[in-house]
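Keep in mind that the numbers below use all heavy atoms, side chains included, and drop hydrogens, waters and symmetry copies. Remember, predicted model here, so these are calculated numbers, not experimental data.
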Amino acid sequence: MRRPYLAAAALTAAAAALLTGCGSGDDGSPSRPAPSAVGRLGAGFVAPGTTPAPESTVTPQPGSWDGVRPSDGYRVTLVTAGDGQPVRTVAEAVREWAEEQDVGLETVTASGDSDLIPAVTRAMDTEADLIVSAGDDLVDPLVNVTPNHLDQQFLVVGAELAEPTENVTAVDWTGASFRGEGLGTPSAYDAASFTPARCAAAVRAGTAAVLSGRTGIVVWMDDF
């Protein structure tokens, strides 16, 4: 059973505190070059000649993301909350992808409700190119934090933000789709839908979208 969420006021206050202490490069030190995508998305990822609008949903054809990988030096931080089977399966999929792609990976784990926003803060402190979240409990904290850090890319796997900013990409499917903000668990929620195969495809499709600049959207993964 999921833990109760922090009160909205507490989340907002904690998120506001991040504005004073979290940006990378604030000390005047030079930023390292941002790694980029190697390869291109297949034609079936989005409709030919179109660019997905912010907050829109795309349904890519299976494998249309296979031709994209990160360039050397790409760094990812995985932030997790909870220890249920869906969280564990997503986390393992991220670890396997990082190992296969030779991606630098760090992991930050929230220790409880009061540590949700601090865990996101610690993830941002790693100055990773991408922060991947696993766990429905992180959705509301991300809603509060992500609009204040548009230079940091986030990928949410197995859930989505109700109104994501351009730096938040989600991968979702029927059986997942948690959106936070007091909306509760969707009636179609099914923990068994978080299979290793689906989560592996979701991580690959989501990272390919981010690397290719298709951010701020929902990648729908009923077919993979």
Please answer whether the main-chain N or O of P52 pairs with a side-chain N or O of S56 as donor and acceptor at a distance below 3.5 Å. no

Could you tell me whether the side chain of D129 and the main chain of R75 form a donor-acceptor pair under 3.5 Å? yes

Spacing of R122 atom CZ and T107 atom OG1 [to the nearest 0.5 Å]: 12.0 Å

What's the shortest heavy-atom distance between Y189 and P86, and which atoms? OH-CG, 3.7 Å

Separation of L78 CG from T109 OG1 (nearest 0.5 Å): 7.5 Å

When clusters are formed by joining ILVMFWY residues with side-chain heavy atoms under 4.5 Å apart, either directly or through shared neighbours, do V218 and V90 land in the same one? no

Check ion pair R204-E100 (N to O, under 4.0 angstrom): yes

Measure across A119 and V108 and return the closest heavy-atom pair with its distance rounded to 0.1 Å. O-CG1, 3.4 Å

Which distance, rounded to the nearest 0.5 Å, do you find between the CE of M124 and the NE2 of H149? 4.0 Å

Is there side-chain contact between V171 and L155, with at least one heavy-atom pair below 4.5 Å? yes

Hey, what do you get for SG (C199) to CZ (R88), rounding to the nearest 0.5 Å? 11.5 Å

I want to check something: taking the side chain as every heavy atom from C-beta on, are E127 and Q152 in contact at a cut-off of under 4.5 Å? no

Do T126 and T77 have side-chain N/O donor and acceptor atoms under 3.5 Å apart? yes

Correct closest heavy-atom pair for A159 and D136 would be CB-OD1, 3.7 Å

Answer yes or no: is there a side-chain heavy-atom contact under 4.5 Å between N167 and D151? no

Rounded distance (nearest 0.5 Å) linking atom CZ of F45 with atom CD of Q61: 11.5 Å

Would you check if the distance from the ring center of F224 to the ring center of W65 is below 6.0 Å? no

Would a distance-only check, ignoring hydrogens and angles, find a side-chain to backbone donor-acceptor pair under 3.5 Å from D102 to A98? no

Heavy atoms of P70 and Q101 approach each other most closely as CD-OE1, 3.9 Å

L161 and side-chain contact (heavy atoms from CB on, under 4.5 Å): which single residue from V143, T169, D140 fits? V143

Considering all heavy atoms of both residues, which atom of T215 and which atom of Q153 are nearest to each other, and what is their separation? CG2-OE1, 3.4 Å

Qualifying salt bridge (charged side-chain N to carboxylate O under 4.0 Å, His left out) pairs, either residue in residues 214-224, two or more places apart: none

So do W173 and S193 actually touch side chain to side chain, heavy atoms under 4.5 Å? yes

Looking only at atom types and distance, does a side-chain atom of S64 sit under 3.5 Å from a main-chain N or O of P60, one as donor and one as acceptor? no

Could you pull out the closest heavy-atom pair between D115 and A110, with the gap in Å? OD2-CA, 3.3 Å

Taking C-beta and beyond as the side chain, do S212 and R40 meet within less than 4.5 Å on heavy atoms? no

Within-4.5 Å side-chain heavy-atom neighbours: L105 and V94: yes

Is the closest side-chain heavy-atom distance between V157 and V132 below 4.5 Å? yes

Between atom CG of D172 and atom CZ of F178, what is the distance when rounded to the nearest 0.5 Å? 11.0 Å

Would you check if the side chain of R69 reaches a backbone N or O of V38 as a donor-acceptor pair within less than 3.5 Å? no

Please tell me whether V87 and I131 are part of a single hydrophobic cluster in this structure, the criterion being side-chain heavy atoms less than 4.5 Å apart. no

Between the main-chain N or O of M221 and the side-chain N or O of R198, is there a donor-acceptor pair closer than 3.5 Å? yes

Quick one: does L211's side chain get under 4.5 Å of Y74's, heavy atoms only? yes

